[in-house]
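All residue numbers in this chain count up from 1 along the given sequence. Below, each value reflects all heavy atoms present in this structure, side chains not excepted, and no hydrogens, waters or symmetry copies.
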Amino acid sequence: MPRRYAYRCELLARSLDGTYEAIVATYRAPTPRLAARWARDTVGRYAELLAPAPAAPYLSGAPLIEAPPEGPRPDVKMHAWADSDERYEGVLRTLAADHPYAFTVTDYGARYELRLDPLPVRRPPQTFALTAHTRPSTGSAKHRRPRTLRPVP
C-alpha cells in the first residue's frame, strides 16, 4: 500500500545573526499541487509587501528613501520565482517524489525561506470488526422500544 503524505508549507523570516525567527505564513496542504499553488501565491504576495509601490495609498505621507540599485532585492527574486512556470513544475516534481523543497532569499537584515515538507499521514484501517454485541440487520424492520429511565429514590 503506498504511503500517503500531507505537506507542511511555511514561509519563515530569520535575522542574519540568528537571534530572531518568525513564521510569516503557514499552511498544511493535502496534495503536492495545493502546496505548490500556496507557495506560488504566498511568495508573490509577500514580495509585494517587501517592496510596495511608492504610489500606494497607505504610504501617503510616509518618509520614503530610494534603495540603491546595487543592493539586495529579495522582492525581485521572489517575483521571478513566483512568476516562473518552470519553478512551479519543479516544485510539483520534487513534492510528488516525496522530497522537501526550499527556496531562500536574503536581504540586508533578514533571510526569507520558503519550506515545503512532506509529512507521512497515518490513518487507521477502515475495517469494522464484528463483536459479540453487534448483530447484522435482519431487514425485518422491527425496532426495539427505547428504554424508559426510572427515577432513583
Side-chain angles (χ1 to χ4, degrees), residues 1-62 64-139 141 143:
M1 185 165 132
R3 294 182 78 177
R4 294 186 42 89
Y5 287 90
Y7 301 88
R8 181 180 63 209
C9 311
E10 294 178 328
L11 181 63
L12 305 169
R14 295 185 173 125
S15 62
L16 293 179
D17 60 1
T19 59
Y20 182 77
E21 177 179 303
I23 298 174
V24 177
T26 184
Y27 176 64
R28 183 175 171 141
T31 65
R33 186 164 304 279
L34 288 175
R37 188 180 305 163
W38 178 88
R40 176 185 255 185
D41 293 344
T42 303
V43 168
R45 184 171 58 250
Y46 281 97
E48 289 292 326
L49 292 174
L50 284 175
Y58 60 89
L59 291 178
S60 65
L64 299 177
I65 300 171
E66 188 172 343
E70 67 275 356
R73 295 289 310 266
D75 59 307
V76 172
K77 292 178 183 176
M78 291 170 85
H79 273 300
W81 185 90
D83 295 338
S84 172
D85 291 333
E86 292 82 20
R87 297 275 177 116
Y88 179 76
E89 293 297 326
V91 171
L92 281 176
R93 282 192 303 275
T94 302
L95 294 178
D98 300 328
H99 296 295
Y101 183 86
F103 170 69
T104 305
V105 293
T106 303
D107 196 337
Y108 281 116
R111 178 174 290 116
Y112 305 96
E113 181 178 4
L114 171 73
R115 295 199 45 85
L116 306 171
D117 297 310
L119 302 171
V121 176
R122 287 190 250 164
R123 295 190 179 181
Q126 296 295 318
T127 59
F128 299 99
L130 293 177
T131 63
H133 298 292
T134 60
R135 292 186 300 171
S137 173
T138 60
H143 301 286

*To the nearest 0.5 Å, how far apart are OH in Tyr20 and OG in Ser15?*
9.0 Å
*How close do Thr106 and Pro72 get, heavy atom to heavy atom, and via which atoms?*
O-CB, 3.7 Å
*How long is the gap from CH2 on Trp81 to CG on Leu114, to the nearest 0.5 Å?*
5.0 Å
*Closest heavy-atom contact between Gly44 and His79?*
O-CE1, 4.0 Å
_So, taking the atom named CG in Asp117 and the one named CG in Asp98, what distance separates them when rounded to the nearest 0.5 Å?_
12.0 Å
_Restricting to non-hydrogen atoms, name the atom on Leu50 and the atom on Tyr112 that form the minimum distance, rounded to 0.1 Å._
CD2-OH, 3.5 Å
*Excluding sequence neighbours, so at least two apart, what forms side-chain contact (heavy atoms from CB on, under 4.5 Å) with Ala96?*
none
*Is a side-chain N or O of Arg40 found less than 3.5 angstrom from the main chain of Ala82, in a donor-acceptor match?*
yes
*Hey, does the side chain of Ser84 reach the backbone of Ala80 with a donor-acceptor pair shorter than 3.5 angstrom?*
no
*Measure across Val91 and Ala36 and return the closest heavy-atom pair with its distance rounded to 0.1 Å.*
CG1-CB, 3.7 Å
*asked:* Restricting to non-hydrogen atoms, name the atom on Lys77 and the atom on Phe103 that form the minimum distance, rounded to 0.1 Å.
replied: O-CZ, 3.9 Å
*Mind checking the CZ-OH spacing from Arg115 to Tyr101? Nearest 0.5 Å is all I need.*
12.0 Å
_Using 0.5 Å steps for rounding, measure from the CZ atom of Arg45 to the CE atom of Met78._
10.5 Å
*Locate the shortest heavy-atom distance separating Ala47 from Asp75; write the atom from each residue and the value.*
O-CB, 3.6 Å
_Distance in Å, Glu10 CD paired with Trp38 CH2, rounded so as to fall on 0.5 Å steps_ = 8.0 Å
